[in-house]
There are 2 protein chains.
Amino acid sequence: MAVDGLSINLATVREQYNMRQAIEACLKQDVVAIAPWRDQVHAIGLSEAARIVADNGLQVTGLCRGGMFAAADAAGRAAAIDDNRKAIDEAAALNADCLVLVVGGLPAGSRDIAHAREMVAEGIAAILPHARAAGIPLAIEPLHPMYAADRACVNTLEQALDICDLLGDGIGVAIDVYHVWWDPKLGEQISRAGAGGRILAHHICDWLVPTTDLLLDRGMMGDGVIDLKGIRRAIEAAGYQGPQEVEIFSAGNWWKRPGEKVLATCIDRFRSAC
Amino acid sequence: MAVDGLSINLATVREQYNMRQAIEACLKQDVVAIAPWRDQVHAIGLSEAARIVADNGLQVTGLCRGGMFAAADAAGRAAAIDDNRKAIDEAAALNADCLVLVVGGLPAGSRDIAHAREMVAEGIAAILPHARAAGIPLAIEPLHPMYAADRACVNTLEQALDICDLLGDGIGVAIDVYHVWWDPKLGEQISRAGAGGRILAHHICDWLVPTTDLLLDRGMMGDGVIDLKGIRRAIEAAGYQGPQEVEIFSAGNWWKRPGEKVLATCIDRFRSAC
(Lines give C-alpha, C1' and ligand atoms only; values in the text may rest on other atoms or scores of the structure.)
Protein backbone atom coordinates (compact mmCIF):
# COMPACT_ATOMS: atom_id res chain seq x y z
CA MET A 1 0.00 0.00 0.00
CA ALA A 2 1.72 3.16 -1.19
CA VAL A 3 2.18 6.11 1.14
CA ASP A 4 -0.01 8.48 -0.86
CA GLY A 5 1.01 12.08 -1.16
CA LEU A 6 4.56 11.73 0.15
CA SER A 7 7.73 12.14 -1.86
CA ILE A 8 11.25 11.83 -0.50
CA ASN A 9 13.85 14.22 -1.79
CA LEU A 10 16.91 12.02 -1.77
CA ALA A 11 19.08 14.75 -0.24
CA THR A 12 17.32 13.75 2.97
CA VAL A 13 19.31 10.50 3.03
CA ARG A 14 22.23 11.51 0.87
CA GLU A 15 24.86 10.66 3.46
CA GLN A 16 23.39 7.18 4.00
CA TYR A 17 22.55 6.00 0.47
CA ASN A 18 23.35 6.35 -3.18
CA MET A 19 20.35 6.78 -5.48
CA ARG A 20 19.79 3.06 -6.02
CA GLN A 21 20.00 2.29 -2.32
CA ALA A 22 17.78 5.23 -1.43
CA ILE A 23 15.07 4.08 -3.83
CA GLU A 24 15.24 0.53 -2.48
CA ALA A 25 14.87 1.88 1.04
CA CYS A 26 11.92 4.05 -0.02
CA LEU A 27 10.19 1.14 -1.76
CA LYS A 28 10.60 -1.06 1.32
CA GLN A 29 8.51 1.49 3.20
CA ASP A 30 6.00 1.92 0.34
CA VAL A 31 7.19 5.36 -0.69
CA VAL A 32 6.72 5.58 -4.44
CA ALA A 33 7.62 9.20 -5.17
CA ILE A 34 11.13 10.59 -5.02
CA ALA A 35 13.19 13.58 -6.08
CA PRO A 36 16.88 13.01 -6.79
CA TRP A 37 19.74 15.47 -7.09
CA ARG A 38 21.78 15.52 -10.25
CA ASP A 39 25.00 14.38 -8.56
CA GLN A 40 23.09 11.35 -7.27
CA VAL A 41 21.85 10.61 -10.79
CA HIS A 42 25.32 11.05 -12.27
CA ALA A 43 26.88 8.77 -9.66
CA ILE A 44 24.90 5.74 -10.91
CA GLY A 45 24.50 6.99 -14.49
CA LEU A 46 21.46 8.61 -16.08
CA SER A 47 20.30 5.56 -18.03
CA GLU A 48 20.50 3.33 -14.98
CA ALA A 49 18.68 5.95 -12.91
CA ALA A 50 15.96 6.24 -15.57
CA ARG A 51 15.65 2.44 -15.73
CA ILE A 52 15.20 2.13 -11.96
CA VAL A 53 12.58 4.87 -11.98
CA ALA A 54 10.66 3.33 -14.89
CA ASP A 55 10.90 -0.28 -13.70
CA ASN A 56 9.46 0.67 -10.34
CA GLY A 57 6.84 3.04 -11.65
CA LEU A 58 8.16 5.82 -9.45
CA GLN A 59 6.89 9.37 -9.58
CA VAL A 60 9.79 11.81 -9.78
CA THR A 61 8.42 14.98 -8.21
CA GLY A 62 11.37 17.02 -9.38
CA LEU A 63 15.00 16.92 -10.40
CA CYS A 64 17.31 19.07 -8.25
CA ARG A 65 18.63 21.24 -9.62
CA GLY A 66 19.20 23.69 -12.46
CA GLY A 67 19.90 27.37 -12.00
CA MET A 68 23.03 29.22 -10.88
CA PHE A 69 22.62 31.68 -13.73
CA ALA A 70 24.44 34.73 -12.40
CA ALA A 71 28.10 34.74 -13.37
CA ALA A 72 30.83 37.33 -13.55
CA ASP A 73 31.31 37.05 -17.32
CA ALA A 74 29.57 35.99 -20.52
CA ALA A 75 31.44 32.69 -20.68
CA GLY A 76 30.21 31.80 -17.22
CA ARG A 77 26.65 32.68 -18.12
CA ALA A 78 26.84 30.63 -21.33
CA ALA A 79 28.25 27.65 -19.45
CA ALA A 80 25.36 27.87 -16.97
CA ILE A 81 22.83 27.88 -19.79
CA ASP A 82 24.46 24.84 -21.42
CA ASP A 83 24.40 23.00 -18.12
CA ASN A 84 20.76 23.88 -17.57
CA ARG A 85 19.87 22.45 -20.97
CA LYS A 86 21.57 19.21 -19.94
CA ALA A 87 19.60 19.26 -16.70
CA ILE A 88 16.37 19.60 -18.68
CA ASP A 89 17.35 16.55 -20.76
CA GLU A 90 18.09 14.59 -17.61
CA ALA A 91 14.75 15.58 -16.11
CA ALA A 92 13.04 14.40 -19.31
CA ALA A 93 14.89 11.06 -19.21
CA LEU A 94 13.70 10.59 -15.64
CA ASN A 95 10.17 11.66 -16.54
CA ALA A 96 10.36 14.24 -13.77
CA ASP A 97 7.44 16.49 -12.95
CA CYS A 98 9.72 19.53 -13.09
CA LEU A 99 13.28 20.78 -12.98
CA VAL A 100 13.86 22.74 -9.79
CA LEU A 101 15.82 25.96 -10.29
CA VAL A 102 18.03 27.37 -7.56
CA VAL A 103 18.79 30.49 -9.48
CA GLY A 104 22.14 31.54 -8.04
CA GLY A 105 23.35 34.42 -5.93
CA LEU A 106 25.81 37.23 -6.56
CA PRO A 107 28.77 36.60 -8.83
CA ALA A 108 32.08 36.69 -6.98
CA GLY A 109 33.04 40.22 -6.10
CA SER A 110 29.65 41.70 -6.94
CA ARG A 111 27.40 43.78 -4.72
CA ASP A 112 24.86 44.35 -7.48
CA ILE A 113 21.91 42.13 -6.63
CA ALA A 114 19.64 43.91 -9.11
CA HIS A 115 22.01 42.94 -11.90
CA ALA A 116 22.20 39.36 -10.64
CA ARG A 117 18.42 39.24 -10.78
CA GLU A 118 18.45 40.46 -14.36
CA MET A 119 20.93 37.72 -15.29
CA VAL A 120 18.65 35.17 -13.66
CA ALA A 121 15.62 36.26 -15.66
CA GLU A 122 17.68 36.27 -18.85
CA GLY A 123 19.12 32.85 -18.11
CA ILE A 124 15.71 31.33 -17.47
CA ALA A 125 14.35 32.94 -20.63
CA ALA A 126 17.24 31.40 -22.58
CA ILE A 127 16.51 27.83 -21.44
CA LEU A 128 12.73 28.03 -21.44
CA PRO A 129 12.24 27.09 -25.11
CA HIS A 130 14.31 23.93 -24.57
CA ALA A 131 12.28 23.10 -21.46
CA ARG A 132 9.01 23.58 -23.28
CA ALA A 133 10.17 21.40 -26.17
CA ALA A 134 11.21 18.69 -23.69
CA GLY A 135 7.93 18.94 -21.79
CA ILE A 136 9.73 19.76 -18.54
CA PRO A 137 8.23 22.60 -16.49
CA LEU A 138 10.79 24.83 -14.82
CA ALA A 139 10.17 25.37 -11.11
CA ILE A 140 11.76 28.49 -9.67
CA GLU A 141 12.42 27.84 -6.01
CA PRO A 142 12.53 31.10 -4.08
CA LEU A 143 15.15 30.59 -1.42
CA HIS A 144 15.19 32.06 2.06
CA PRO A 145 16.69 35.57 2.10
CA MET A 146 19.66 34.28 4.10
CA TYR A 147 20.83 32.63 0.86
CA ALA A 148 20.50 35.75 -1.29
CA ALA A 149 24.25 36.30 -1.54
CA ASP A 150 25.48 32.82 -2.29
CA ARG A 151 22.67 30.60 -3.54
CA ALA A 152 19.62 32.37 -4.89
CA CYS A 153 18.75 36.01 -5.39
CA VAL A 154 15.08 35.09 -5.89
CA ASN A 155 13.87 35.24 -2.32
CA THR A 156 10.11 35.56 -2.20
CA LEU A 157 7.23 33.85 -3.88
CA GLU A 158 6.03 37.22 -5.14
CA GLN A 159 9.34 37.84 -6.86
CA ALA A 160 9.38 34.34 -8.40
CA LEU A 161 5.84 34.75 -9.69
CA ASP A 162 6.70 38.11 -11.19
CA ILE A 163 9.40 36.33 -13.21
CA CYS A 164 6.91 33.62 -14.21
CA ASP A 165 4.42 36.25 -15.38
CA LEU A 166 7.14 37.87 -17.44
CA LEU A 167 8.12 34.61 -19.14
CA GLY A 168 4.79 32.94 -19.85
CA ASP A 169 4.04 29.23 -20.05
CA GLY A 170 6.16 26.30 -18.98
CA ILE A 171 7.38 27.85 -15.77
CA GLY A 172 6.18 27.94 -12.18
CA VAL A 173 7.40 27.70 -8.60
CA ALA A 174 8.58 25.13 -6.11
CA ILE A 175 7.21 26.19 -2.73
CA ASP A 176 9.52 25.03 0.05
CA VAL A 177 8.08 25.86 3.43
CA TYR A 178 11.56 26.37 4.88
CA HIS A 179 12.18 29.28 2.56
CA VAL A 180 8.81 31.01 2.63
CA TRP A 181 7.10 30.29 5.96
CA TRP A 182 8.03 33.71 7.41
CA ASP A 183 6.63 35.73 4.49
CA PRO A 184 3.80 38.09 5.48
CA LYS A 185 2.49 37.81 1.92
CA LEU A 186 2.64 34.01 1.79
CA GLY A 187 -1.10 33.39 1.75
CA GLU A 188 -1.89 35.84 -1.00
CA GLN A 189 1.05 34.70 -3.13
CA ILE A 190 0.11 31.02 -2.80
CA SER A 191 -3.36 31.93 -4.03
CA ARG A 192 -1.85 33.88 -6.89
CA ALA A 193 0.44 30.97 -7.80
CA GLY A 194 -2.46 28.55 -7.78
CA ALA A 195 -4.68 30.78 -9.88
CA GLY A 196 -1.94 30.94 -12.50
CA GLY A 197 -1.35 27.18 -12.46
CA ARG A 198 2.18 27.90 -11.26
CA ILE A 199 2.57 25.53 -8.28
CA LEU A 200 4.86 22.73 -9.42
CA ALA A 201 6.20 21.37 -6.15
CA HIS A 202 5.64 21.55 -2.40
CA HIS A 203 8.69 20.87 -0.25
CA ILE A 204 8.51 20.32 3.49
CA CYS A 205 10.79 20.19 6.52
CA ASP A 206 10.82 22.48 9.58
CA TRP A 207 12.51 25.57 10.99
CA LEU A 208 14.29 24.81 14.24
CA VAL A 209 14.67 27.23 17.14
CA PRO A 210 17.54 27.76 17.53
CA THR A 211 18.94 27.12 14.06
CA THR A 212 22.66 26.49 14.42
CA ASP A 213 23.77 26.48 10.78
CA LEU A 214 22.45 28.51 7.85
CA LEU A 215 22.46 25.56 5.44
CA LEU A 216 22.61 22.21 7.18
CA ASP A 217 20.33 22.47 10.21
CA ARG A 218 16.87 21.89 8.81
CA GLY A 219 14.41 20.17 11.06
CA MET A 220 12.11 17.16 10.71
CA MET A 221 8.47 18.10 10.28
CA GLY A 222 6.94 18.75 13.69
CA ASP A 223 10.22 19.64 15.41
CA GLY A 224 10.07 23.33 14.54
CA VAL A 225 7.79 26.31 14.26
CA ILE A 226 6.41 26.14 10.73
CA ASP A 227 2.64 25.86 10.43
CA LEU A 228 2.90 22.92 8.04
CA LYS A 229 -0.77 22.03 8.13
CA GLY A 230 -1.84 25.59 7.48
CA ILE A 231 0.51 26.02 4.53
CA ARG A 232 -0.59 22.66 3.13
CA ARG A 233 -4.22 23.74 3.35
CA ALA A 234 -3.40 26.95 1.50
CA ILE A 235 -1.47 25.15 -1.23
CA GLU A 236 -4.19 22.55 -1.71
CA ALA A 237 -6.90 25.21 -1.68
CA ALA A 238 -4.94 26.94 -4.44
CA GLY A 239 -5.34 23.82 -6.55
CA TYR A 240 -2.09 21.90 -6.12
CA GLN A 241 -2.76 18.24 -5.41
CA GLY A 242 0.73 16.75 -5.87
CA PRO A 243 2.83 15.09 -3.20
CA GLN A 244 4.58 16.89 -0.36
CA GLU A 245 8.30 16.33 -0.84
CA VAL A 246 10.47 16.00 2.25
CA GLU A 247 13.81 17.72 1.85
CA ILE A 248 16.00 17.87 4.95
CA PHE A 249 19.65 18.92 5.04
CA SER A 250 20.82 18.02 8.52
CA ALA A 251 24.52 17.44 8.99
CA GLY A 252 24.33 17.22 12.75
CA ASN A 253 21.27 15.04 13.17
CA TRP A 254 19.30 13.26 10.42
CA TRP A 255 22.25 12.63 8.13
CA LYS A 256 23.89 10.77 11.01
CA ARG A 257 21.00 8.36 11.64
CA PRO A 258 20.29 5.08 9.88
CA GLY A 259 18.52 5.79 6.60
CA GLU A 260 15.57 3.47 7.24
CA LYS A 261 14.85 5.21 10.54
CA VAL A 262 14.99 8.60 8.87
CA LEU A 263 12.51 7.43 6.23
CA ALA A 264 10.24 5.89 8.85
CA THR A 265 10.27 9.19 10.75
CA CYS A 266 9.47 11.11 7.56
CA ILE A 267 6.42 8.89 6.99
CA ASP A 268 5.31 9.14 10.59
CA ARG A 269 5.63 12.92 10.68
CA PHE A 270 4.07 13.30 7.25
CA ARG A 271 1.00 11.61 8.73
CA SER A 272 0.95 13.40 12.07
CA ALA A 273 2.48 16.85 11.56
CA CYS A 274 1.82 17.91 7.98
CA MET B 1 36.37 68.11 14.26
CA ALA B 2 33.36 65.81 14.59
CA VAL B 3 32.95 62.83 12.30
CA ASP B 4 29.78 64.11 10.66
CA GLY B 5 27.08 61.64 9.80
CA LEU B 6 28.39 58.70 11.80
CA SER B 7 26.82 57.21 14.90
CA ILE B 8 28.17 54.26 16.85
CA ASN B 9 25.66 51.77 18.21
CA LEU B 10 27.37 50.77 21.42
CA ALA B 11 26.61 47.09 20.85
CA THR B 12 29.51 47.30 18.41
CA VAL B 13 31.94 47.58 21.34
CA ARG B 14 29.81 46.02 24.05
CA GLU B 15 32.37 43.38 24.97
CA GLN B 16 35.14 45.98 25.31
CA TYR B 17 33.44 48.88 27.11
CA ASN B 18 30.64 49.87 29.41
CA MET B 19 28.59 52.87 28.28
CA ARG B 20 30.80 55.47 29.94
CA GLN B 21 33.98 53.95 28.53
CA ALA B 22 32.43 53.54 25.10
CA ILE B 23 31.43 57.20 24.98
CA GLU B 24 34.89 58.30 26.09
CA ALA B 25 36.41 56.16 23.35
CA CYS B 26 34.00 57.61 20.78
CA LEU B 27 34.75 61.19 21.85
CA LYS B 28 38.50 60.58 21.61
CA GLN B 29 37.95 59.82 17.93
CA ASP B 30 35.52 62.72 17.45
CA VAL B 31 32.42 60.59 17.15
CA VAL B 32 29.58 62.61 18.66
CA ALA B 33 26.56 60.42 17.94
CA ILE B 34 25.84 57.14 19.69
CA ALA B 35 23.06 54.63 20.27
CA PRO B 36 23.11 52.67 23.52
CA TRP B 37 21.29 49.52 24.53
CA ARG B 38 19.11 49.57 27.61
CA ASP B 39 21.25 47.08 29.52
CA GLN B 40 24.22 49.40 28.96
CA VAL B 41 22.20 52.33 30.27
CA HIS B 42 20.99 50.38 33.29
CA ALA B 43 24.51 49.24 34.13
CA ILE B 44 25.67 52.80 34.82
CA GLY B 45 22.23 54.14 35.79
CA LEU B 46 19.82 56.21 33.71
CA SER B 47 20.56 59.54 35.37
CA GLU B 48 24.30 59.11 34.98
CA ALA B 49 23.84 58.04 31.35
CA ALA B 50 21.64 61.06 30.68
CA ARG B 51 24.18 63.34 32.37
CA ILE B 52 27.07 62.03 30.22
CA VAL B 53 24.99 62.45 27.07
CA ALA B 54 23.94 65.97 27.95
CA ASP B 55 27.34 67.14 29.23
CA ASN B 56 29.00 66.05 26.02
CA GLY B 57 26.27 67.29 23.69
CA LEU B 58 25.94 63.85 22.16
CA GLN B 59 23.28 62.96 19.63
CA VAL B 60 21.53 59.73 20.63
CA THR B 61 20.36 58.28 17.33
CA GLY B 62 18.22 55.69 19.05
CA LEU B 63 17.73 53.69 22.20
CA CYS B 64 17.82 49.91 21.70
CA ARG B 65 15.36 48.49 22.31
CA GLY B 66 11.68 48.16 23.00
CA GLY B 67 9.44 45.53 21.50
CA MET B 68 9.06 41.82 22.23
CA PHE B 69 5.30 42.17 22.26
CA ALA B 70 4.16 38.66 21.41
CA ALA B 71 3.62 36.56 24.49
CA ALA B 72 1.79 33.37 25.29
CA ASP B 73 -0.64 34.97 27.73
CA ALA B 74 -2.25 38.28 28.66
CA ALA B 75 0.04 38.75 31.65
CA GLY B 76 3.06 38.44 29.40
CA ARG B 77 1.65 40.93 26.93
CA ALA B 78 0.83 43.39 29.71
CA ALA B 79 4.34 43.07 31.15
CA ALA B 80 5.80 43.80 27.72
CA ILE B 81 3.68 46.91 27.38
CA ASP B 82 4.75 48.14 30.83
CA ASP B 83 8.38 47.56 29.97
CA ASN B 84 7.99 49.42 26.68
CA ARG B 85 6.55 52.42 28.50
CA LYS B 86 9.65 52.42 30.72
CA ALA B 87 11.83 52.22 27.62
CA ILE B 88 10.04 55.27 26.20
CA ASP B 89 10.75 57.18 29.41
CA GLU B 90 14.40 56.18 29.25
CA ALA B 91 14.61 57.29 25.62
CA ALA B 92 13.12 60.63 26.64
CA ALA B 93 15.62 61.02 29.50
CA LEU B 94 18.43 60.40 27.03
CA ASN B 95 16.88 62.77 24.49
CA ALA B 96 17.04 59.95 21.95
CA ASP B 97 15.90 60.45 18.37
CA CYS B 98 13.75 57.31 18.60
CA LEU B 99 13.09 54.11 20.47
CA VAL B 100 14.00 51.14 18.29
CA LEU B 101 11.46 48.31 18.40
CA VAL B 102 12.50 44.71 17.87
CA VAL B 103 8.97 43.47 17.91
CA GLY B 104 9.41 39.86 19.03
CA GLY B 105 8.90 36.48 17.42
CA LEU B 106 6.60 33.59 18.15
CA PRO B 107 5.56 32.92 21.74
CA ALA B 108 6.96 29.66 23.06
CA GLY B 109 5.12 26.71 21.59
CA SER B 110 3.33 28.73 18.93
CA ARG B 111 3.35 28.16 15.18
CA ASP B 112 0.88 30.98 14.54
CA ILE B 113 2.92 33.81 13.08
CA ALA B 114 -0.19 35.66 11.90
CA HIS B 115 -1.37 35.85 15.50
CA ALA B 116 2.06 36.98 16.68
CA ARG B 117 1.87 39.77 14.14
CA GLU B 118 -1.53 40.83 15.45
CA MET B 119 -0.14 40.95 18.98
CA VAL B 120 2.70 43.12 17.76
CA ALA B 121 0.39 45.64 16.11
CA GLU B 122 -1.79 45.70 19.22
CA GLY B 123 1.22 46.13 21.48
CA ILE B 124 2.59 49.02 19.49
CA ALA B 125 -0.84 50.65 19.40
CA ALA B 126 -1.00 50.34 23.18
CA ILE B 127 2.28 52.19 23.79
CA LEU B 128 1.99 54.74 21.01
CA PRO B 129 0.02 57.34 23.04
CA HIS B 130 2.73 57.26 25.72
CA ALA B 131 5.44 57.64 23.07
CA ARG B 132 3.66 60.58 21.48
CA ALA B 133 3.20 62.27 24.84
CA ALA B 134 6.91 61.78 25.57
CA GLY B 135 7.92 63.05 22.15
CA ILE B 136 9.73 59.82 21.34
CA PRO B 137 9.12 58.40 17.86
CA LEU B 138 8.84 54.62 17.74
CA ALA B 139 11.07 53.00 15.10
CA ILE B 140 9.93 49.56 14.00
CA GLU B 141 13.02 47.68 12.87
CA PRO B 142 12.09 44.98 10.37
CA LEU B 143 14.45 42.10 11.09
CA HIS B 144 15.87 39.64 8.59
CA PRO B 145 13.48 36.73 7.98
CA MET B 146 15.96 34.36 9.65
CA TYR B 147 14.87 35.95 12.95
CA ALA B 148 11.13 35.57 12.35
CA ALA B 149 10.73 32.77 14.87
CA ASP B 150 12.71 34.06 17.79
CA ARG B 151 13.28 37.83 17.51
CA ALA B 152 10.94 39.68 15.20
CA CYS B 153 7.97 38.66 13.12
CA VAL B 154 8.11 41.96 11.22
CA ASN B 155 10.48 41.02 8.42
CA THR B 156 10.17 43.45 5.55
CA LEU B 157 10.07 47.18 5.20
CA GLU B 158 6.74 46.86 3.41
CA GLN B 159 5.24 45.02 6.35
CA ALA B 160 6.61 47.55 8.84
CA LEU B 161 5.26 50.46 6.81
CA ASP B 162 1.85 48.81 6.60
CA ILE B 163 1.80 48.81 10.41
CA CYS B 164 2.89 52.46 10.46
CA ASP B 165 0.11 53.39 8.06
CA LEU B 166 -2.36 51.62 10.27
CA LEU B 167 -1.24 53.44 13.40
CA GLY B 168 -0.71 57.01 12.22
CA ASP B 169 1.74 59.56 13.56
CA GLY B 170 4.65 59.10 15.92
CA ILE B 171 5.89 55.89 14.36
CA GLY B 172 8.31 54.98 11.61
CA VAL B 173 11.06 52.54 10.73
CA ALA B 174 14.70 51.86 11.50
CA ILE B 175 16.27 50.64 8.26
CA ASP B 176 19.16 48.31 9.01
CA VAL B 177 20.91 47.26 5.82
CA TYR B 178 21.72 43.85 7.29
CA HIS B 179 18.05 43.00 7.56
CA VAL B 180 16.75 44.43 4.30
CA TRP B 181 19.54 44.42 1.71
CA TRP B 182 18.19 41.29 -0.04
CA ASP B 183 14.64 42.61 -0.46
CA PRO B 184 13.54 42.90 -4.11
CA LYS B 185 11.16 45.67 -3.06
CA LEU B 186 13.76 47.61 -1.06
CA GLY B 187 14.01 50.59 -3.40
CA GLU B 188 10.30 51.19 -3.70
CA GLN B 189 9.73 50.74 0.02
CA ILE B 190 12.53 53.16 0.95
CA SER B 191 10.84 55.73 -1.29
CA ARG B 192 7.51 55.00 0.33
CA ALA B 193 9.03 55.34 3.80
CA GLY B 194 10.62 58.64 2.91
CA ALA B 195 7.46 60.03 1.36
CA GLY B 196 5.62 59.27 4.58
CA GLY B 197 8.32 60.81 6.77
CA ARG B 198 8.83 57.38 8.31
CA ILE B 199 12.61 56.91 8.17
CA LEU B 200 13.87 57.33 11.72
CA ALA B 201 17.22 55.52 11.64
CA HIS B 202 19.72 54.03 9.21
CA HIS B 203 21.86 51.21 10.57
CA ILE B 204 24.88 49.84 8.77
CA CYS B 205 27.21 46.84 8.85
CA ASP B 206 27.77 44.17 6.19
CA TRP B 207 26.65 40.67 5.18
CA LEU B 208 29.57 38.25 5.12
CA VAL B 209 29.92 35.33 2.73
CA PRO B 210 29.96 32.85 4.29
CA THR B 211 28.01 33.85 7.39
CA THR B 212 28.87 31.39 10.15
CA ASP B 213 26.34 32.36 12.81
CA LEU B 214 22.80 33.62 12.43
CA LEU B 215 23.16 36.30 15.11
CA LEU B 216 26.76 37.14 15.92
CA ASP B 217 28.62 37.15 12.60
CA ARG B 218 27.88 40.56 11.16
CA GLY B 219 30.59 42.13 9.06
CA MET B 220 32.36 45.48 9.06
CA MET B 221 31.24 47.77 6.26
CA GLY B 222 33.13 46.87 3.10
CA ASP B 223 33.87 43.29 4.10
CA GLY B 224 30.64 41.86 2.67
CA VAL B 225 28.24 42.05 -0.23
CA ILE B 226 25.80 44.80 0.72
CA ASP B 227 25.62 47.75 -1.66
CA LEU B 228 26.01 50.25 1.18
CA LYS B 229 26.55 53.26 -1.04
CA GLY B 230 23.53 52.45 -3.16
CA ILE B 231 21.25 51.99 -0.18
CA ARG B 232 22.58 55.20 1.39
CA ARG B 233 21.81 57.09 -1.83
CA ALA B 234 18.27 55.71 -1.83
CA ILE B 235 17.70 56.59 1.82
CA GLU B 236 19.08 60.11 1.40
CA ALA B 237 17.10 60.59 -1.81
CA ALA B 238 14.02 59.63 0.18
CA GLY B 239 14.71 62.55 2.50
CA TYR B 240 16.51 61.06 5.49
CA GLN B 241 19.57 63.10 6.39
CA GLY B 242 20.44 61.66 9.81
CA PRO B 243 23.59 59.76 10.70
CA GLN B 244 24.40 56.24 9.61
CA GLU B 245 24.62 54.14 12.77
CA VAL B 246 27.13 51.30 12.85
CA GLU B 247 25.77 48.23 14.62
CA ILE B 248 27.96 45.12 14.47
CA PHE B 249 27.42 41.96 16.52
CA SER B 250 30.57 39.95 15.96
CA ALA B 251 31.47 37.41 18.61
CA GLY B 252 34.30 35.86 16.62
CA ASN B 253 35.99 38.97 15.29
CA TRP B 254 35.22 42.58 16.17
CA TRP B 255 34.16 41.95 19.75
CA LYS B 256 37.59 40.39 20.31
CA ARG B 257 39.60 43.37 19.08
CA PRO B 258 40.64 46.45 21.08
CA GLY B 259 37.75 48.89 21.18
CA GLU B 260 39.72 51.88 19.87
CA LYS B 261 40.79 49.90 16.81
CA VAL B 262 37.22 48.82 16.15
CA LEU B 263 36.07 52.44 16.35
CA ALA B 264 38.91 53.59 14.10
CA THR B 265 37.94 50.95 11.56
CA CYS B 266 34.29 52.02 11.72
CA ILE B 267 35.33 55.60 10.95
CA ASP B 268 37.66 54.52 8.16
CA ARG B 269 35.06 52.28 6.52
CA PHE B 270 32.29 54.82 7.03
CA ARG B 271 34.41 57.17 4.91
CA SER B 272 35.49 54.67 2.26
CA ALA B 273 32.77 52.04 1.96
CA CYS B 274 29.45 53.67 2.84
Side-chain angles (χ1 to χ4, degrees), chain A residues 105-117 120 142-163 177-187 206-215 217 219 222-231 273, chain B residues 105-117 120 142-160 162-163 177-187 206-215 217 219 222-231 234 273:
Chain A
L106 294 166
S110 169
R111 293 188 176 93
D112 190 347
I113 196 165
H115 182 51
R117 286 165 172 161
V120 164
L143 253 56
H144 195 286
M146 69 185 173
Y147 305 121
D150 49 359
R151 284 189 172 73
C153 60
V154 173
N155 304 103
T156 63
L157 201 46
E158 181 174 29
Q159 184 191 5
L161 291 168
D162 286 348
I163 296 172
V177 297
Y178 194 74
H179 299 303
V180 303
W181 73 274
W182 60 272
D183 188 347
K185 303 181 88 170
L186 181 59
D206 216 333
W207 180 279
L208 299 177
V209 178
T211 291
T212 59
D213 184 274
L214 274 75
L215 186 61
D217 191 32
D223 288 345
V225 300
I226 300 178
D227 178 17
L228 293 162
K229 292 184 182 185
I231 296 176
Chain B
L106 294 165
S110 169
R111 294 189 175 93
D112 190 347
I113 196 165
H115 182 52
R117 286 164 172 162
V120 165
L143 253 54
H144 194 286
M146 68 185 173
Y147 305 120
D150 49 359
R151 284 190 172 72
C153 61
V154 173
N155 305 105
T156 63
L157 202 44
E158 181 175 29
Q159 184 192 6
D162 287 348
I163 296 172
V177 297
Y178 193 75
H179 298 304
V180 302
W181 73 275
W182 60 271
D183 187 346
K185 304 180 86 169
L186 181 59
D206 216 332
W207 180 278
L208 299 177
V209 178
T211 292
T212 60
D213 184 273
L214 273 75
L215 186 62
D217 192 32
D223 289 345
V225 300
I226 300 178
D227 178 18
L228 292 163
K229 292 183 181 184
I231 296 176

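Just so you know, these numbers use all the heavy atoms, side chains as well, and skip hydrogens, waters and symmetry mates. These numbers were taken from a predicted model, which means no experiment stands behind them.
Distance check, rounded to the nearest 0.5 Å: CG of B:L143 to CH2 of A:W182 gives 12.5 Å. The CZ atom of A:R111 sits 6.0 Å away from atom CG of B:D206, with the distance rounded to the nearest 0.5 Å. In this structure, OG1 on A:T211 lies 12.0 Å from CG on B:L215, to the nearest 0.5 angstrom. Rounded to the nearest 0.5 Å, atoms NZ (A:K185) and CG (B:N155) are 13.5 Å apart.
Looking at B:D227, the atoms closer than 4.5 Å to chain A (heavy atoms on both sides) sit in the backbone and in the side chain alike. Neither the backbone nor the side chain of A:D162 has a heavy atom closer than 4.5 Å to any heavy atom of chain B. Contact annotation for B:L214: both backbone and side-chain heavy atoms come within less than 4.5 Å of a heavy atom of chain A. Only the side chain of A:L106 comes within contact range of chain B, judged by heavy atoms closer than 4.5 Å. Within the 4.5 angstrom heavy-atom criterion, only backbone atoms of A:D183 (N, CA, C, O) approach chain B.
For the options B:G224, B:P145, B:A148, heavy-atom pairs under 4.5 Å to chain A are most numerous at B:P145. Highest contact tally toward chain B, considering only A:V225, A:V209, A:V154, is held by A:V225 [criterion: heavy-atom pairs under 4.5 Å].
Between B:R117 and A:P184, the shortest heavy-atom distance links the atoms NH1-CA, 3.4 Å. Nearest heavy-atom pair across B:M146 and A:H144 is N-CE1, 3.3 Å.
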